[in-house]
Visitor: 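Pasting in a structure now, in structure tokens, and then I'll have a few things to ask.
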Protein chains: 2
Amino acid sequence: MRVTITDIAKKAKVSASTVSRVIADNPRISTATKEKVLKIMEEMNYHPNMIARSLVNRSTRIIGIVMPGVAEQSFKHPFFPELLAGIASMANKKGYKILLANVATVDEEKQMVEELTLSGMTEGIILLTSRDQDSSLEQLVAEHFPFVVIGRSENPYVNWVDNDNFNIGYQLAEHFIKQGHREIAFLGYSPGALVTRDRLNGYKKALQDHQLAFDPELVVESKFITDNGYDLMKAFLADGGRPTAVLACDDYLAFGAIKAIHEAGLAVPTDLAVAGINNVPLADYHNPPLTSVAINAFSLGTKAFEMLRTVMKNDIQSYNRAIIPADLVIRASSRHELHGA
Amino acid sequence: MRVTITDIAKKAKVSASTVSRVIADNPRISTATKEKVLKIMEEMNYHPNMIARSLVNRSTRIIGIVMPGVAEQSFKHPFFPELLAGIASMANKKGYKILLANVATVDEEKQMVEELTLSGMTEGIILLTSRDQDSSLEQLVAEHFPFVVIGRSENPYVNWVDNDNFNIGYQLAEHFIKQGHREIAFLGYSPGALVTRDRLNGYKKALQDHQLAFDPELVVESKFITDNGYDLMKAFLADGGRPTAVLACDDYLAFGAIKAIHEAGLAVPTDLAVAGINNVPLADYHNPPLTSVAINAFSLGTKAFEMLRTVMKNDIQSYNRAIIPADLVIRASSRHELHGA
DNA sequence: CTATTAGGGACAAACGTTTGCATAAAGTGG
DNA sequence: CCACTTTATGCAAACGTTTGTCCCTAATAG
């Protein structure tokens, strides 16, 4: 049996309430008894029972993170741990703990969100599932439960923090354009994912700003966001696609694409320039080193937590949104001026 | 105010205990009232308060994971999320939630472990910090609190699950030896980390089994386990080191090393064969594709959770240990028979 | 020297459940 | 038709805290 507050009280010959107030450092307790009680607490290695405490003050100091299941490739992606690290570091600093809930299906997500909010376990949650039409969101909104989502949402009542995906697309496209590229493939567009839509829009805008026409043929769709760059690029090339540059929606896609390009007997960046997004640690070690965009996932996490806190504090929801700036990192895979253009 | 069990009770004109028994599907409640109560629960969107429930039955269905802080590079390493995914998937299946606690320092760890165990929040914990002499461990052992550590421990009273590091070292070394290599550098030995010690021992044993002498000069020490392969290799080569193969303790180390090797005007694998450990997703995309050893971090996680559960169930500790087998994946970076040897 | 006040601490209710026990109603056997 | 068992439900205590309120003692003021 663990040592409780009454055990301490008995040993110190005071009441439980006094002990409680000692813990809370309540000024109504004389320093004499405070010291006495603290000493006994120390001796008996007492730690307050969080469950009981939570029950009375309706506060657990726990936030929930709901993330897409194991099945998804994204789990292996460095983006995820970095984001998590950002959230965790901030949460830690503020004395919050993190309840990690990974869900495999949409139904599971809905159920998990319901449980997390209604069971009193968490004081707020962060959602990593940026599906477009998310029924959990509406529920959360209706319940006035504090939450923020990672990734943009079009629902006006949700707080979110996102990468600057539009700008990412824009910057990369412009980078290519400035080097004389005109035929820039966009690899990895996934209609369901807002992320890639925003990136594509940035890409289009860059074209437009430089008086270039948008060619839908250069957009290569992909169902998943990561793993199949090799297949996509291979098929694209086999199909007669001959861009001078490839803007891949993810570094992994880019790596795969480069492999396919090499197999096709072409060289990067001389025949084809390539860039990815996310700036994974290996982008620098790749051969050739890969131009990419640092997404600053860690900041995304810290920001998300901060936002969640403000939402939790103000009962009045304020509907915040934040966009984390990204940094273009130019490496050899795209460092080649085009001549003919 | 959230809807409580008494709200349901009132509406259903029964007592709270009846509702409670309905939730527990207690056979002593007639099906008639069961249905009635369930219907009302549904209508009012009732979810039991986990905190209150935990308080009375002293069971939170939460396990804690204590992991080294954000600062550590390892956080970005795919090993971590995979492990986490393994734990999470298993936990999910068994109806457990995960409390993620990341600690920056050893002191913080000690404190966190203490809090997690004594506050009643978690029913068991998994430790990711495989430092050698860990004071938290002794505490946990003394308190008979259920826990398992990821990574071997020499304390006989701890349950652990680990990679087969000895074998990993052995297999890789043997792989090189069979190709005629005699001068195999061991890159990334870190005296503090059991992991690398075990791997080094495997490497030594392989040498011995093939009647080769161990040359300490070929062991390159590194403080961190991941990031500085480039610097290490560069310095090693500059120092006159001329192995024919490099066994790196981590794929990232290997990538860095290869970069240094290329810069030195040498080719992989013809001048120098290289292999890493962990089989990160990019090993296959690297140029040349990197020979590595799949560590099966996911299995590590599932196994850890299973072990934790058995420890939690049997109050009698059983001191289990498990070793997850690893799989050698041979790729181009080491696919080159040595002639002269 | 009495009346008032301030300080320090105790009491008890409350948080939302679960569960052992009591009890009322209904069914069963002799 | 009575005694007894079974079935279905309610009562109340308990889990370990926090916190509003009350009480006692001693100090201060008039």
Visitor: Is B:Ser20 close enough to C:dT17 that one of its side-chain N or O atoms is under 4.0 Å from OP1 or OP2 there?
Guide: no

Visitor: On DNA chain C, compare the nucleotides closest to A:Asn57 and B:Ala16; which residue's is nearer the 5' end?
Guide: A:Asn57

Visitor: What is the distance, rounded to the nearest whole Å, between atom CG of A:Leu55 and atom P of C:dT18?
Guide: 12 Å

Visitor: Base, sugar-phosphate or nothing for B:Thr33? Non-hydrogen atoms, less than 4.0 Å.
Guide: sugar-phosphate

Visitor: Ignoring backbone atoms, establish whether B:Tyr46 has a side-chain N or O less than 4.0 Å from OP1 or OP2 of C:dT17.
Guide: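 For B:Tyr46, the contact criterion (side-chain N or O under 4.0 Å from OP1 or OP2 of C:dT17) is met.
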
Visitor: Measure from CG on A:Asp7 to P on D:dT17 and round the result to the nearest Å.
Guide: 9 Å

Visitor: Can you tell me the distance, in whole Å, between the CG atom of A:Asn49 and the C1' atom of D:dT17?
Guide: 8 Å

Visitor: I'd like to know if A:Arg21 reaches the base of C:dG7 with its side chain, counting only an N/O donor and acceptor under 3.5 Å.
Guide: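 In this structure, the two groups form no donor-acceptor pair.
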
Visitor: With rounding to the nearest 0.5 angstrom, report the OH to CG distance, B:Tyr319 to B:Asn155.
Guide: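 Between atom OH of B:Tyr319 and atom CG of B:Asn155 there are 9.0 Å.
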
Visitor: Output the rounded distance in Å from CZ (B:Arg28) to P (D:dA8).
Guide: 9 Å

Visitor: Decide if atom NZ of A:Lys11 counts as having more than 12 heavy atoms of other residues, nucleotides or ligands within a radius under 6.0 Å.
Guide: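 Not more than 12 within 6.0 Å, no.
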
Visitor: Side-chain N or O of A:Thr6 less than 4.0 angstrom from OP1 or OP2 on D:dG16?
Guide: no

Visitor: Roughly, in whole Å, what's the span from CD1 in B:Ile29 to C1' in D:dA8?
Guide: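 Taking CD1 of B:Ile29 and C1' of D:dA8, I get 7 Å after rounding.
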
Visitor: For A:Ser30 and A:Thr33, does a side-chain donor sit closer than 3.5 Å to a side-chain acceptor?
Guide: yes

Visitor: Under a plain distance cut-off of 3.5 Å, with no hydrogens placed, do B:Asn92 and A:Glu108 share a side-chain donor-acceptor pair?
Guide: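 A donor-acceptor contact under 3.5 Å links the two side chains.
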
Visitor: Tell me if the side-chain of B:Ser15 makes a donor-acceptor pair with the base of D:dC11, cut-off 3.5 Å, by modelled atom types.
Guide: no

Visitor: Taking only the side-chain heavy atoms of B:Ala52 (C-beta and beyond), determine which of D:dG16, C:dT17, D:dT9 contains the nearest atom.
Guide: C:dT17

Visitor: What's the CD1-P distance between B:Ile8 and D:dT9, to the nearest Å?
Guide: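 Taking atom P of D:dT9 as the reference, CD1 of B:Ile8 is at 17 Å.
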
Visitor: Between B:Val56 and B:Ser30, which residue's closest nucleotide on DNA chain D lies nearer the 5′ terminus?
Guide: B:Ser30

Visitor: A:Glu114 and B:His47: side-chain donor and acceptor closer than 3.5 Å?
Guide: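 Yes - a donor-acceptor pair under 3.5 Å links their side chains.
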
Visitor: Taking any heavy-atom pair under 4.0 Å as a contact, classify A:Lys13: base, sugar-phosphate, or nothing.
Guide: sugar-phosphate

Visitor: Under 3.5 Å, is there a donor-acceptor pair linking the side chains of A:Ser20 and A:Ser17?
Guide: no

Visitor: Figure out the CZ/C1' separation between A:Arg2 and D:dT17, and round it to whole Å.
Guide: 16 Å

Visitor: Base of D:dC11, side chain of B:Ser17 - is there a donor-acceptor contact under 3.5 Å?
Guide: yes

Visitor: Are B:Arg53 and C:dT18 close enough that a side-chain N or O sits under 4.0 Å from OP1 or OP2?
Guide: yes

Visitor: Can you tell me the distance, in whole Å, between the CG atom of A:Asn26 and the C1' atom of D:dT19?
Guide: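 In whole Å, D:dT19 C1' and A:Asn26 CG are 10 Å from each other.
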
Visitor: OP1 or OP2 of C:dC15 sitting under 4.0 Å from any side-chain N/O of A:Arg58?
Guide: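 So the side-chain polar atoms of A:Arg58 never come under 4.0 Å of the phosphate oxygens OP1 or OP2 of C:dC15.
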
